[in-house]
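Remarks on the structure that follows.
Chain letters run A, B, ... following the sequence lines, proteins first and then strands; every chain starts at 1. Heavy atoms only: backbone and side chains are in, while hydrogens, waters and symmetry mates are out.
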2 protein chains.
Amino acid sequence: MAQQPEPTYNSIIQPLLTDLYEITMAYAYWKSGKIDDYAVFDLFFRRNPFGGEFTVFAGLEECLKFLQRFHFSDSDIAYLKQTLPKGTEDEFFEFLRNIRLDHVTLYAMDEGTVAFPRVPLLRVEGPLVITQMLETTLLTLVNYASLITTNAARFRLAAGQDVSLLEFGLRRAQGPDGGLSASKYSYIGGFDGTSNVLAGKLFNIPVRGTHAHAFVTSFSGFAELEPKMIKSQNGNQEINLLDSALTWRKKLVPVFKVIESQVNDGELASFVSYAHAFPSGFLALIDTYDVVKSGLVNFCAVALALSEIGYRAIGIRLDSGDLAYLSIVTRQFFAKIGEKFSIPWFKDLTIVASNDINEETILSINEQGHEINCYGVGTHLVTCQKQPALGGVYKLVELNGMPRMKLSQDVEKVTLPGKKNVYRLLNKEGYALIDLMLKHNEPPPKPQEKVLCRHAFLESKRAYVYPHIVEPLYKVYWQDGKICQPLPDMQEMQNRVKESLNTLRPDIKRSLNPTPYKVSVSMDLFNFIHELWLENAPIGELS
Amino acid sequence: MAQQPEPTYNSIIQPLLTDLYEITMAYAYWKSGKIDDYAVFDLFFRRNPFGGEFTVFAGLEECLKFLQRFHFSDSDIAYLKQTLPKGTEDEFFEFLRNIRLDHVTLYAMDEGTVAFPRVPLLRVEGPLVITQMLETTLLTLVNYASLITTNAARFRLAAGQDVSLLEFGLRRAQGPDGGLSASKYSYIGGFDGTSNVLAGKLFNIPVRGTHAHAFVTSFSGFAELEPKMIKSQNGNQEINLLDSALTWRKKLVPVFKVIESQVNDGELASFVSYAHAFPSGFLALIDTYDVVKSGLVNFCAVALALSEIGYRAIGIRLDSGDLAYLSIVTRQFFAKIGEKFSIPWFKDLTIVASNDINEETILSINEQGHEINCYGVGTHLVTCQKQPALGGVYKLVELNGMPRMKLSQDVEKVTLPGKKNVYRLLNKEGYALIDLMLKHNEPPPKPQEKVLCRHAFLESKRAYVYPHIVEPLYKVYWQDGKICQPLPDMQEMQNRVKESLNTLRPDIKRSLNPTPYKVSVSMDLFNFIHELWLENAPIGELS
């Protein structure tokens, strides 16, 4: 059996991870002598996902690492030689081989910042032939990362801060590293951990998990349990856990009003076995047979047996049925048993719920009332079932200092020309009022001074805003061939998402009919756009 | 700039690419002394995706490579030691380190076979503690692969065999290797190629692409075109392509009934530039300004100029607007121009359509009538927007020779117990009639002999079937630590999907209200299931 290589999550993020047309265009530019043309591209999206009014920008670190490693290997060149049409000049492949990103500059919002339609997440400047080649890879790194981070953030908003959220989606993810990306960006978006062990190892995020139904059904009775003793927490005592749990079960039968012969013995055997392995981490899946008539009885029997020898059980997981109702019933039994046997912490045991959880399920469970402490979320989170793609685009906005503008019948598809800066204007309470785009050489708005904010296209929509705080949204993240900002770790990134979301008014973040956040342009930029627009008749032509 | 490592697509497919509970369960089994328990797991799904009545099984090769490389590295062990609760015994980590899959046997359908709900795609046998640990990884490898292959096959069925299909989805894929997997399995499912260059390199599938709107908008006029000569195809002649195209454009203006000043010069410059780079591969995106009044005129001008010096253009791409209508108009102009200038192949130029294509778009375009030769499909294909996850599950069906059956109120969730074999019964015309599951030790049905096929749960549903051909669905793919079947290449896999789909009646494959395909059990298996079911009262308990 071959030795497994160490996982190299980023090894596929390479210059060839791109659409062929990026390379054929590069060749055409190169061949046309446009090699010194200087381009500015904006990477932005046109609509917020999930019917919401915000998006969390993510993927920047991966983009920067991609730039850092950007290099066509010998085998890449060999592959391209056989793939591009015969007659492609050899000098072009030499050109590719020698590409350095020393003259590319990347401006970006901080990863984890809330972002809005049309406001560029990245601005990429540099030689046209090179910056064009970055399009597909940057899009693939930003689109899904931002989508899943936004999705996770929405789950967090729905669940509130007091409930834990765990990502359980690997088995339903789109490709093995769809799964890894999902784990990483769910954490950034506000989840507490993942079940994906490799994600834990690679990204240093907490890994959580208990056992599956198969574990329970693999025990059909006590005969399969080797008679074993377990040491007490302080090491002073040894007991037979099964015997103790059976004694407790007899005491519990009247509390649950069940007949003991109906409580499943295989299930108890599996719980005892699991508690043997993890006496300090006992969390049991209790819905294999019947939650109240079997799973809960068996769990409490083992938890009480553990408690006698100094171990505190963690709690239970529900994976089917009416989760809100079952959580309440479970909590009532926990409270009753805690009181009856004078174990105060028993009522606070953790209740985990899973089974096809989505944002709406959580909101509905909130409305019903519940006692759930933690959700395990899979498919809906990782595949973003509600909207599985963010439509980010990468558009040329300036070439050799001249603005470029794609006009379209469809105003939504018009791009905002030229090199722009963006400022976020906040009020005294720290709430974001509006994003304001300026031409890159305009002076920034000043705190406490009124500034005119205009809708990019609608003449009539405009307002004076008095910002209390003016936040520039861009930093230079890549210049002179180097990453030039410190990159936050996962925890810092998660905090940043939380803080950035805190600057949004609740009505912008709510699930039902959220208020749109305003994005505007300065007077100068407005005039610039509209002059360009009018300059060339007929409409439908490039400026 | 660091040298880029060679891409290692599979390096993340490792034992740690799993849910934590697989490992905690393994520890509990190990600790309970269940190390020699022998398990049989079935991997199956319960519902066909996309509202259809078939699924194409894919992902097997990745599963086998995963088994082949299965090994916990030193760093994996170190990571698990810090991740599992304190007190986890050291001997367990030694056990993990020494795991070999020599005693695991994997039965599977051939990759690319059409499959149906409840019929296991894989049967995995071996030590419980090891086979349980394979669950999440096998699911993640089979679920998405089968989903995207099925999706691609549905696009192929919708488009018919005469139209080319290209996958253009990388930028919208779920993670960089979501994109790679999409390219690979789209090809297997019936696509002709991808735009993803790395997928081309890694999987040896055709790569296709032309240029983007940015290429067109990067030219604002002729001034940006360096005056250059192009050699004729036979090398005997040199012309100025722009001059020639401009001459042709003047001749074309009356054909298109446009004023030449309204035809965009930047667009023509970009086409000339592209044709210089790829004189034998000229395919132009013609909708940047106006398809008929600009893009088509400029394309035809360049194509005719190329034709004069012996090059045959490929065609055009439409990326917006009414694709069916525009394709017909375009074809009419191609025919008219071909006739006017006596170039017979001109009418057959390729018309590529893209822009948010899904299965329904293709069906609707078919109904409208069209002249499209090729679709470029992105988001809907790669994210499987209609249903972004296949709900495959991995269930214990036998332990130490005893059947295991998860009973449930919900008949759909009941698992079929025991080790089973599956045969596909086909009629004289080669159409599949029914899949028949038998207990593993029953003799297989024989061609030309009637066999009773029963619904697994409904007493009343049964039928005698006279198969003309009896096809065993399983082969042993992994045994004694080795892959034990030859693995087909990509082209063979694609053929297999096509052939397997050919065995399905058209009404099963149709998009609207397809007929369900029948899946049945033998008399013996039926009795076995129902005895198990009845054996233990009350229902809701394990047999």
Side-chain angles (χ1 to χ4, degrees), chain A residues 2 4-5 7-8 11-14 16-21 25 27-28 31-33 69 71 73 79 83 85 136 139-140 144 170-172 174-179 181 195 197-198 201 207 209-211 214-215 217-218 226 273-274 276-278 281 379 383 385 388-389 396 399 404 540 542, chain B residues 4-5 7-8 11-14 16-21 25 27-28 31-33 69 71 73 79 83 85 136 139-140 144 170-172 174-179 181 195 197-198 201 207 209-212 214-215 217-218 226 266 273-274 276-278 281 290 379 383 385 388-389 396 399 404:
Chain A
Q4 185 78 305
T8 48
S11 78
I12 57 163
I13 303 173
Q14 301 231 350
L16 284 202
L17 186 76
T18 191
D19 284 336
L20 183 63
Y21 74 52
M25 284 195 285
Y27 180 60
K31 189 132 167 108
S32 311
R69 291 167 172 216
H71 172 73
S73 70
Y79 178 71
T83 303
T136 306
L139 284 174
T140 200
Y144 180 61
L170 176 58
R171 63 190 58 203
R172 304 285 159 83
Q174 298 203 336
D177 107 338
S181 307
S195 61
V197 188
L198 188 59
K201 182 182 176 193
V207 188
T210 171
H211 58 80
F215 185 79
T217 57
S218 78
E226 292 191 349
S273 159
Y274 205 74
H276 255 287
F278 303 107
T379 315
T383 67
Q385 193 130 13
L396 182 67
L399 189 63
R404 282 288 179 278
L542 186 77
Chain B
Q4 185 78 304
T8 48
S11 77
I12 59 164
I13 302 173
Q14 301 233 349
L16 284 202
L17 186 76
T18 191
D19 283 337
L20 183 63
Y21 75 51
M25 285 196 285
Y27 180 60
K31 188 129 168 109
S32 311
R69 292 167 171 217
H71 173 72
S73 70
Y79 177 72
T83 303
T136 306
L139 284 174
T140 201
Y144 180 60
L170 176 57
R171 62 190 60 203
R172 303 286 160 80
Q174 298 203 336
D177 106 338
S181 308
S195 61
V197 188
L198 188 59
K201 182 182 176 193
V207 188
T210 171
H211 58 80
F215 185 79
T217 58
S218 78
E226 292 190 349
S273 161
Y274 205 76
H276 255 286
F278 302 107
D290 187 297
T379 315
T383 67
Q385 192 128 15
L396 182 68
L399 190 63
R404 283 287 178 278

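Looking at A:Leu399, the atoms closer than 4.5 Å to chain B (heavy atoms on both sides) all sit in the side chain, from C-beta outward. Only the side chain of B:Thr379 comes within contact range of chain A, with heavy atoms under 4.5 Å apart. Using a 4.5 Å cut-off between heavy atoms, B:Thr83 touches chain A through its side chain atoms alone. Interface remark: B:Leu17 contributes backbone and side-chain atoms alike to the contact with chain A (heavy atom separation under 4.5 Å).
In this structure the side chain of B:Tyr79 never reaches within 4.5 angstrom of the side chain of A:Leu198, judged on heavy atoms. Here the side chains of A:His276 and B:Ser32 are not in contact, with every heavy-atom distance at 4.5 Å or above.
Minimum interatomic distance between B:Ser273 and A:Ala28 (heavy atoms only, all atoms of both residues): OG-O, 3.6 Å. Heavy atoms only, all atoms of each residue included: A:Arg171 and B:Leu139 are closest at NH1-CD1, 3.4 Å. Among all heavy-atom pairs drawn from A:Met25 and B:Ala212, the shortest one is SD-N, 3.3 Å. When all heavy atoms of B:Thr383 and A:Ala389 are compared, the pair lying nearest together is CG2-CB, 4.0 Å. Taking each heavy atom of A:Pro388 and B:Gln174 in turn, the nearest pair found is O-NE2, 3.0 Å.
Most heavy-atom pairs under 4.5 Å with chain B: of the set A:Tyr27, A:Tyr274, A:Phe215, this distinction falls to A:Phe215. Ranked by heavy-atom pairs under 4.5 Å with chain A, the list B:Gly178, B:Gly209, B:Pro85, B:Ser195 is led by B:Ser195.
Between B:Arg172 atom CZ and A:Thr140 atom OG1 the span is 10.0 Å, to the nearest 0.5 Å. Here the CD atom belonging to A:Gln14 is positioned 6.5 Å from the NZ atom belonging to B:Lys201, to the nearest 0.5 angstrom.
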Steps toward side chain to side chain contact (heavy atoms under 4.5 Å, CB included) verdict (A:Leu170, B:Asp19)
CA-CA 7 Å; A:Leu170 176 58; B:Asp19 283 337; 4.1 Å; yes
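Side-chain contact check for B:Thr217 and A:Arg404: no donor-acceptor pair (N or O, by modelled atom type) lies under 3.5 Å.
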